[in-house]
Amino acid sequence: MAHQVTLIPGDGIGPEISAAMREVVEASGVSIDWHVQEAGAHVMEEEGTPLPERVLDSIRETGTAIKGPVTTPVGSGFRSVNVALRRAFDLYACVRPCLSMPGDGSRYDGVDLVIVRENTEDLYAGIEFDEGSEGARSIIDTVAAQGAGAIKPDSAISLKPISVSGSERIIRYAFDYARKNGRRKVTAVHKANIMKCTDGLFLHTAERVAAEYPDIEFDNKIVDATCMGLVQNPADFDVMVLPNLYGDIVSDLCAGFVGGLGLAPGSNIGLNQAIFEATHGSAPDIAGKDIANPTAMILSAAMMLDHLGENEAAHRIRTAVRDVLSAGESVTADIKRALTGSTEGSVGTRAYGAAVAARVAELA
């Protein structure tokens with residue numbers, strides 16, 4: 001029986017890399033019934049929103065989606081399509097593996113990290129009050145009345161909610177992921193030395209949950225020390241679990257170890273839905289030029305296949321990507337430059353996707 005998957009091609013380079021991804025997945029032999037749904041800047045004029053309700057309905061029906069990058073027009077009514085999707089389906093776990101690839105152009109070799117980012121709380125919850133607003137004045141007065149400190153009257157204010165329940169489910173997800181995937185250690189990243197209530201809650205919850213997983217090594221690190229330690233020796237880390245803001249920053253830092261966001265896959269996981277995506281932007285300046293690197297989208301599809309229980313096909317796709325990159329013959333210009341210092345002999349998005357698809361078929 002075919003898997004039901006919502007495909008959101010996106011805009012900018014999204015349709016090009018989505019087409020390459022689809023060719024690779026179909027070469028794997030896994031049967032997918034694609035529910036294609038358009039979203040992004042190009043549907044804004046016609047439908048009044050970059051994220052029409054029909055897209056959400058499709059994801060509710062299929063339970064699984066993969067999306068290309070989507071541009072959110074200014075004044076659309078929400079901060080971004082990605083944030084709106086995460087909120088609509090309570091996609092609480094953002095998972096971003098960072099694995100070294102041939103030709104990634106990085107100064108680091110052998111990097112193999114997984115970042116598990118809480119997706120719904122922290123400063124990214126979006127609870128903000130403009131300077132001079134009634135809400136800001138009320139908070140300023142409450143803080144003063146509680147003797148908790150003084151906030152300047154001309155301040156804008158953002159709130160940082162971190163809950164026991166939200167912390168526990170993301171930390172438990174990280175430990176379950178480590179156990180399922182044979183990882184050795186989980187590191188909880190925080191700033192509990194300063195933010196003793198919010199980050200302290202996150203840390204104490206991690207310590208409590210870790211006691212239930214004696215087979216997985218656990219440690220914790222302050223976020224600034226984590227960044228320094230990652231740059232010095234990424235191999236000191238394995239799976240990291242972080243609150244929302246730190247997770248966003250650290251996941252981009254780790255992507256830099258493996259060639260950047262163009263090679264970084266990602267997933268957003270909830271209880272009933274999962275959305276997989278390339279973590280880079282829509283790059284409208286190169287859209288339609290057949291030069292975009294679709295590797296992140298292809299590797300995101302491999303994560304999706306793992307989620308669907310098609311682990312052998314996912315493994316073949318990852319192997320095929322490594323084989324094509326190692327050969328260095330049918331690779332996009334950015335990879336060719338990293339491998340040889342020149343773009344001579346590089347190929348376009350379609351040809352690279354076709355080369356990976358062909359290799360996937362050969363590995364069957």
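Predicted model only: the values in this text are computed from it and were never measured.
- Between Arg179 and Asp176 there is no salt bridge, since no side-chain N of the basic residue sits under 4.0 Å from a carboxylate O of the acidic one.
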Check your understanding: Given the rule in the side-chain contact (heavy atoms from CB on, under 4.5 Å) test, do Lys67 and Asn268 qualify, once you have shown the distances and angles that lead to the verdict?
Key -> CA-CA 11 Å; Lys67 61 178 285 294; Asn268 296 280; over 6 Å; no
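- Ring geometry for Tyr92 versus Tyr173: interplanar angle over 60°, hence perpendicular rather than tilted (30 to 60°).
- Partners of Phe89 under the ring-ring contact (aromatic ring centres under 6.0 Å, His included) rule, at least two apart in sequence or in another chain, do not exist in this structure.
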Under 3.5 Å, which donor-acceptor pairs do the side chains of residues 239-262 form with other protein atoms, sequence neighbours left out?
| from | atom 1 | to | atom 2 | distance (Å) |
| --- | --- | --- | --- | --- |
| Asn244 | OD1 | Arg117 | NE | 2.8 |
| Asn244 | OD1 | Arg117 | NH2 | 2.9 |
| Asn244 | ND2 | Asn119 | O | 3.3 |
| Asn244 | ND2 | Glu121 | O | 3.2 |
| Tyr246 | OH | Asp199 | OD2 | 2.7 |
| Asp248 | OD2 | Tyr124 | OH | 2.8 |
| Ser251 | OG | Arg96 | NH1 | 3.0 |
| Ser251 | OG | Gly247 | O | 2.9 |
| Ser251 | OG | Asp248 | O | 3.0 |
| Asp252 | OD1 | Arg96 | NH1 | 3.3 |

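- The two residues Ala302 and Ile317 make their nearest non-hydrogen contact at CB-CG2, 4.1 Å.
- With Asp33 contributing its side chain and Gln4 its backbone, the two residues share no donor-acceptor pair below 3.5 Å.
- Counting non-hydrogen atoms of other residues, nucleotides and ligands closer than 6.0 Å to CZ of Arg107 gives a total of 12 or fewer.
- Contact check for Ile115 versus Val95: no side-chain heavy atoms found under the 4.5 Å cut-off.
- The environment of CD in Glu53 is crowded: more than 12 heavy-atom neighbours from other residues, nucleotides or ligands sit within 6.0 Å.
- Pairs passing the salt bridge (Lys or Arg N to Asp or Glu O under 4.0 Å) check and including a residue from residues 138-151, sequence neighbours excluded, do not occur.
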Practice item. Applying side chain to side chain donor-acceptor pair (under 3.5 Å), run through Gln273 and Arg60 and close with a yes or a no. Key: CA-CA 7 Å; Gln273 286 84 22; Arg60 289 188 188 100; over 6 Å; no
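- Side chain of Thr279 to backbone of Ala264: a donor-acceptor contact under 3.5 angstrom is found.
- Thr6 places no side-chain N or O within 3.5 Å of a backbone atom of Ala65 that could act as its donor or acceptor partner.
- Each of Met228 and Val111 belongs to its own hydrophobic cluster when Ile, Leu, Val, Met, Phe, Trp and Tyr are linked at side-chain heavy-atom distances under 4.5 angstrom.
- For Glu46, the CD atom sits in a loose shell: 12 or fewer heavy atoms of surrounding residues, nucleotides or ligands are nearer than 6.0 Å.
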Practice item. Apply the test salt bridge (charged side-chain N to carboxylate O under 4.0 Å, His left out) to residues Lys289 and Glu16: give CA-CA distance (whole Å), side-chain angles for both, the deciding distance (0.1 Å), then the verdict. Key: CA-CA 9 Å; Lys289 297 181 179 180; Glu16 298 168 78; over 6 Å; no
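- Nearest heavy atom pair, residue Phe218 against residue Ala210, reads CG-CB, 3.6 Å.
- Both Val25 and Leu7 belong to a single network of hydrophobic side chains, linked directly or stepwise wherever heavy atoms of I, L, V, M, F, W or Y lie under 4.5 Å apart.
- Heavy-atom neighbours of His315 NE2 from other residues, nucleotides or ligands within 6.0 Å: at or below the threshold of 12.
- Of the listed residues (Arg169, Arg208, His204), just one forms a side-chain contact (heavy atoms from CB on, under 4.5 Å) with Val164, and that residue is Arg208.
- Residue Ile216 is not grouped with residue Leu203 when hydrophobic side chains (ILVMFWY) are merged at heavy-atom distances under 4.5 angstrom, including chains of intermediate members.
- Using a 4.0 Å cut-off between a side-chain N of Lys or Arg and a carboxylate O of Asp or Glu, Arg137 and Glu131 do not qualify as a salt bridge.
- Nearest heavy atoms, Ala188 versus Ala206: CB-CB, 3.8 Å.
- Distance alone, capped at 3.5 Å, places no donor-acceptor pair between the Ser155 side chain and the Ile157 backbone.
- Between the side chains of Asp109 and Ser100, no donor-acceptor pair is found at a separation under 3.5 Å.
- Met303 is connected to Val321 through a chain of hydrophobic side-chain contacts under 4.5 Å among Ile, Leu, Val, Met, Phe, Trp and Tyr, so both are in one cluster.
- In terms of modelled atom types and a separation under 3.5 Å, the side chain of Thr340 and the main chain of Lys336 share a donor-acceptor contact.
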Would you list the atom pairs, donor with acceptor, under 3.5 Å between side chains in residues 346-361 and any protein atom, with sequence neighbours excluded?
| from | atom 1 | to | atom 2 | distance (Å) |
| --- | --- | --- | --- | --- |
| Ser346 | OG | Thr343 | O | 2.9 |
| Thr349 | OG1 | Ile291 | N | 3.4 |
| Thr349 | OG1 | Ala292 | N | 2.9 |
| Thr349 | OG1 | Ala292 | O | 2.6 |
| Tyr352 | OH | Thr295 | OG1 | 2.8 |
| Arg359 | NE | Asp323 | OD2 | 2.9 |
| Arg359 | NH1 | Glu362 | OE1 | 3.1 |
| Arg359 | NH2 | Asp323 | OD2 | 3.1 |

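- With hydrogens and angles ignored, the 3.5 Å screen pairs a side-chain donor or acceptor of Ser300 with a backbone N or O of Glu277.
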Practice item. Assess whether side chain to side chain donor-acceptor pair (under 3.5 Å) is satisfied between His35 and Glu61, documenting all intermediate values. Key: CA-CA 10 Å; His35 297 239; Glu61 178 184 351; 4.7 Å; no
Atom pairs and distances, donor-acceptor, side-chain atoms in residues 325-332, under 3.5 Å, two or more places apart:
| from | atom 1 | to | atom 2 | distance (Å) |
| --- | --- | --- | --- | --- |
| Ser326 | OG | Arg322 | O | 2.8 |
| Thr332 | OG1 | Asp334 | OD1 | 2.6 |

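- Residues meeting the side chain to side chain contact (heavy atoms under 4.5 Å, CB included) test with Ser138, sequence neighbours left out: Thr142.
- Clustering ILVMFWY residues whenever any of their side-chain heavy atoms sit less than 4.5 angstrom apart, transitively, puts Val81 in a cluster other than the one holding Met297.
- Contact between Asp236 and Arg184 at its shortest, heavy atoms only, is C-NH2, 4.1 Å.
- Taking every heavy atom of both residues into account, Leu113 and Pro234 meet most closely at CD2-O, 3.4 Å.
- Residues Val116 and Cys94 have side chains not in contact (no heavy-atom distance under 4.5 Å, counting atoms from C-beta outward).
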**Study point:** Candidate pair Ser158 and Glu128, rule side chain to side chain donor-acceptor pair (under 3.5 Å), full reasoning
**Key:** CA-CA 4 Å; Ser158 295; Glu128 295 190 293; 2.7 Å; yes
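- Residue Lys160 places its NZ atom among more than 12 non-hydrogen atoms of other residues, nucleotides or ligands, all under 6.0 Å distant.
- For Glu118 (side chain) and Thr120 (main-chain N/O), a donor-acceptor pair under 3.5 Å exists by modelled atom type.
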Practice item. Please assess His190 against Asn220 for the test side chain to side chain donor-acceptor pair (under 3.5 Å), listing each intermediate value before the final yes or no. Key: CA-CA 8 Å; His190 59 88; Asn220 74 86; 2.8 Å; yes
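- Between Ile127 and Pro161, the shortest heavy-atom distance links the atoms CD1-CG, 4.1 Å.
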Practice item. For salt bridge (charged side-chain N to carboxylate O under 4.0 Å, His left out), just list the numbers for Arg318 and Asp306, CA-CA rounded to whole Å, side-chain angles, deciding distance to a tenth of an Å, and then say yes or no. Key: CA-CA 11 Å; Arg318 293 188 183 97; Asp306 277 329; 2.7 Å; yes
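- Taken to the nearest 0.5 Å, the CD atom of Glu168 stands 4.5 Å off from the CZ atom of Arg172.
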Check your understanding: Do Leu85 and Ile59 pass the side-chain contact (heavy atoms from CB on, under 4.5 Å) test, and can you show the C-alpha distance, the side-chain angles, and the key distance before you say yes or no?
Key -> CA-CA 10 Å; Leu85 287 169; Ile59 298 171; 3.9 Å; yes
